[in-house]
Protein chains: 2
Amino acid sequence: MITSTEEDYIKAIFNISQSGKRELVGTNQIAEQMSTTAASVTDMLRKLSNKEMILYEKYKGVKLSPSGTAKAMSLLRKHRLWESFLVEKLGFAWDEVHDIAEQLEHIQSLELVDRLDKYLGYPKFDPHGDPIPDPHGTITIRNQIVLSTMEDESVGIVVGVKKHDKDFLHHLNQVGINIGTEIKLIHKYSYDQSIKLLVNNKEEALLTSKVCENIFLKKIK
Amino acid sequence: MITSTEEDYIKAIFNISQSGKRELVGTNQIAEQMSTTAASVTDMLRKLSNKEMILYEKYKGVKLSPSGTAKAMSLLRKHRLWESFLVEKLGFAWDEVHDIAEQLEHIQSLELVDRLDKYLGYPKFDPHGDPIPDPHGTITIRNQIVLSTMEDESVGIVVGVKKHDKDFLHHLNQVGINIGTEIKLIHKYSYDQSIKLLVNNKEEALLTSKVCENIFLKKIK
DNA sequence: AAATAAATTTAGACAAATCTAAAAATAATT
DNA sequence: AATTATTTTTAGATTTGTCTAAATTTATTT
Ligand SMILES: [Mn+2]
Ligand SMILES: [Mn+2]
Ligand SMILES: [Mn+2]
Ligand SMILES: [Mn+2]
């Protein structure tokens with residue numbers, strides 16, 4: 001048996017190892033991600049190591065084992081399918097679904113998630129543009145660039161976001177940006193890397209570099 | 001905060017007080033329903049009493065407080081709406097959904113359950129014929145009689161079942177009985193109170209008295 | 001009413017997940 | 001290389017939910 005707390009730690013380890021450059025994930029990194037203490041993390045790492053979900057050497061750091069990786073993919077699949085359900089079928093906004101999916105991802109039944117997948121028409125991406133793993137844990141890779149690396153006059157479609165917190169997504173709502181939004185880059189100010197852009201050929205918007213680093217686009221011009 | 005374990009105890013207390021005759025529910029009854037020991041139940045009763053979810057006098061038994069009753073209705077609402085979703089939208093059979101709903105009922109968001117209700121078209125009854133409380137905890141009462149009390153030659157439509165375990169429901173599947181099935185009572189044998197009946201004007205079936213005591217009908221003839 | 005049976009509570013222990021404070025190991029500076 | 005800083009682990013507690021075994025209370029029989 002694996003508890004839902006253990007599942008959240010596995011997800012945290014996976015997310016950190018994806019975003020970061022290092023092979024091994026550190027105790028403090030996990031503690032920050034899970035909003036807990038390093039001591040608690042060490043306790044949990046011992047447990048996850050005993051259950052062979054992670055490869056763990058004291059003081060060196062951890063990485064997911066093959067079964068830990070499979071577990072992480074299963075959790076991402078469930079999380080993202082539930083988010084898709086909440087937005088597509090129940091009409092939630094993309095900034096309202098993360099916390100609910102954080103609970104729904106721990107519902108056990110595999111039959112349930114497969115039926116949900118079918119009911120949604122086997123979506124490939126969730127409401128934040130994140131890829132949804134198939135039942136075998138395979139993910140569709142997408143060609144994307146980060147908004148902060150685009151050049152003046154170039155045009156793209158928003159296909160994803162790096163951060164998922166409510167505040168960030170709500171800010172994007174306010175400037176009219178969502179998945180599928182067309183963006184034309186008017187000018188990047190060299191002083192602070194902030195970007196002026198045209199949203200859906202209508203509204204102008206100014207985004208700080210911090211925001212632009214967290215938006216993915218498919219370049220179309 | 002209230003844990004999902006506490007929620008399951010509240011549901012158990014509600015269910016026992018509904019089915020039984022006594023006003024107060026006993027420790028052993030709860031222990032049996034929850035598949036745990038009397039000592040564990042006593043521990044939990046103290047906790048639920050401190051949180052004012054139950055009225056508890058040592059050695060006397062317990063009943064739900066007003067807020068405990070409200071919590072129980074909220075849980076029944078969630079459980080039954082999720083069961084309806086699983087059957088109506090995802091195509092599960094009525095004997096497959098109970099255990100999954102047992103987990104889904106603990107998802108916190110009230111917004112979620114209200115949107116689910118709307119998405120399902122505000123159903124009044126779940127796949128087992130149990131009434132679904134509205135957001136205020138109000139329940140639609142249905143006129144129903146128990147199959148074992150019907151007389152020879154009378155006809156009725158199955159509107160509900162008292163037991164919800166997989167084995168019982170699967171047995172009903174095998175003899176062709178579901179919610180909405182028309183049943184004509186051919187003969188009740190006085191020897192053991194077993195009943196021979198005609199299912200949907202087609203198949204004959206013989207049910208033991210134990211089974212007949214757990215089927216509710218609306219009499220139509 | 002006394003004795004016996006049943007139901008319930010208490011006592012004491014354990015595993016899971018967490019915490020603070022202290023110790024140990026590793027990394028970075030001087 | 002020695003010192004300082006950072007990271008990580010250990011030690012010792014706490015809370016939640018559980019258990020077994022023993023004590024207590026209530027109910028039932030004789
Ligand atoms: Mn989670
Ligand atoms: Mn997402
Ligand atoms: Mn439950
Ligand atoms: Mn039901």
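FYI, side chains are in, hydrogens and waters are out, and symmetry mates aren't considered; it's all heavy atoms of this structure. Chain letters run A, B, ... following the sequence lines, proteins first and then strands; every chain starts at 1. Since this is a predicted model, take the numbers as computed values, not measurements.
One finds a side-chain N or O of T42(B) lying less than 4.0 angstrom from the OP1 or OP2 phosphate oxygen of dT9(C). Distances shorter than 4.0 Å separate none of the side-chain N or O atoms of Y9(A) from OP1 or OP2 on dA16(C). Using a 4.0 Å cut-off, some side-chain N or O of R46(B) falls inside it from OP1 or OP2 of dT10(C).
Looking only at side-chain heavy atoms (C-beta outward), L207(B) and I177(B) come within less than 4.5 Å of each other.
Relative to the side chain of D43(B), the nucleotides dT18(C), dT10(D), dT18(D) differ in distance, and dT18(D) lies closest. The side chain of T37(B) lies closest to dC19(D), out of dC19(C), dC19(D), dT16(D).
A salt bridge is defined here as a Lys NZ or Arg NE, NH1 or NH2 lying under 4.0 Å from an Asp or Glu carboxylate O, and K71(A) with E7(A) meets this definition. Ion pairing of K78(B) with D114(B) is absent here, as no side-chain N (NZ or NE/NH1/NH2) approaches a carboxylate O to less than 4.0 Å. Salt-bridge annotation for E105(B) and K11(B): present, with a side-chain N of the basic residue lying under 4.0 Å from a carboxylate O of the acidic one. The pair K51(A)-E6(A) meets the salt-bridge criterion, since a charged nitrogen lies less than 4.0 angstrom from a carboxylate oxygen.
If you take CG of L48(A) and C1' of dA16(C), they are 13 Å apart, rounded to a whole angstrom. dT8(C) atom C1' lies 17 Å from atom CE of M44(B), rounded to whole Å. Atom CG of L45(B) is separated from atom C1' of dT18(D) by 14 Å (rounded to the nearest Å).
Contacts between residues 52-63 of chain A and DNA chain D, defined by a heavy-atom separation under 4.0 Å, are made by Y56(A), K58(A), Y59(A). Proximity of residues 12-36 of chain A to DNA chain D (heavy atom under 4.0 angstrom from any strand atom) is restricted to G26(A), T27(A), N28(A).
Figure legend: R115(A) and F92(B) shown as a cation-pi pair, the cationic atom lying under 6.0 angstrom from the six-membered ring centre and within 45 degrees of its axis.
The nearest pair of heavy atoms linking A101(A) to L86(A) is N-CD1, 4.4 Å. In this structure, G129(A) and I179(A) approach most closely via the heavy-atom pair N-CD1, 3.7 Å.
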(request) List the steps and the verdict of side-chain hydrogen bond (donor to acceptor under 3.5 Å, both in side chains) for D130(B) and H164(B). (result) CA-CA 10 Å; D130(B) 292 314; H164(B) 296 75; 2.4 Å; yes
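As judged by a 4.0 angstrom heavy-atom cut-off over every strand, T5(B) is placed among residues touching the sugar-phosphate backbone only.
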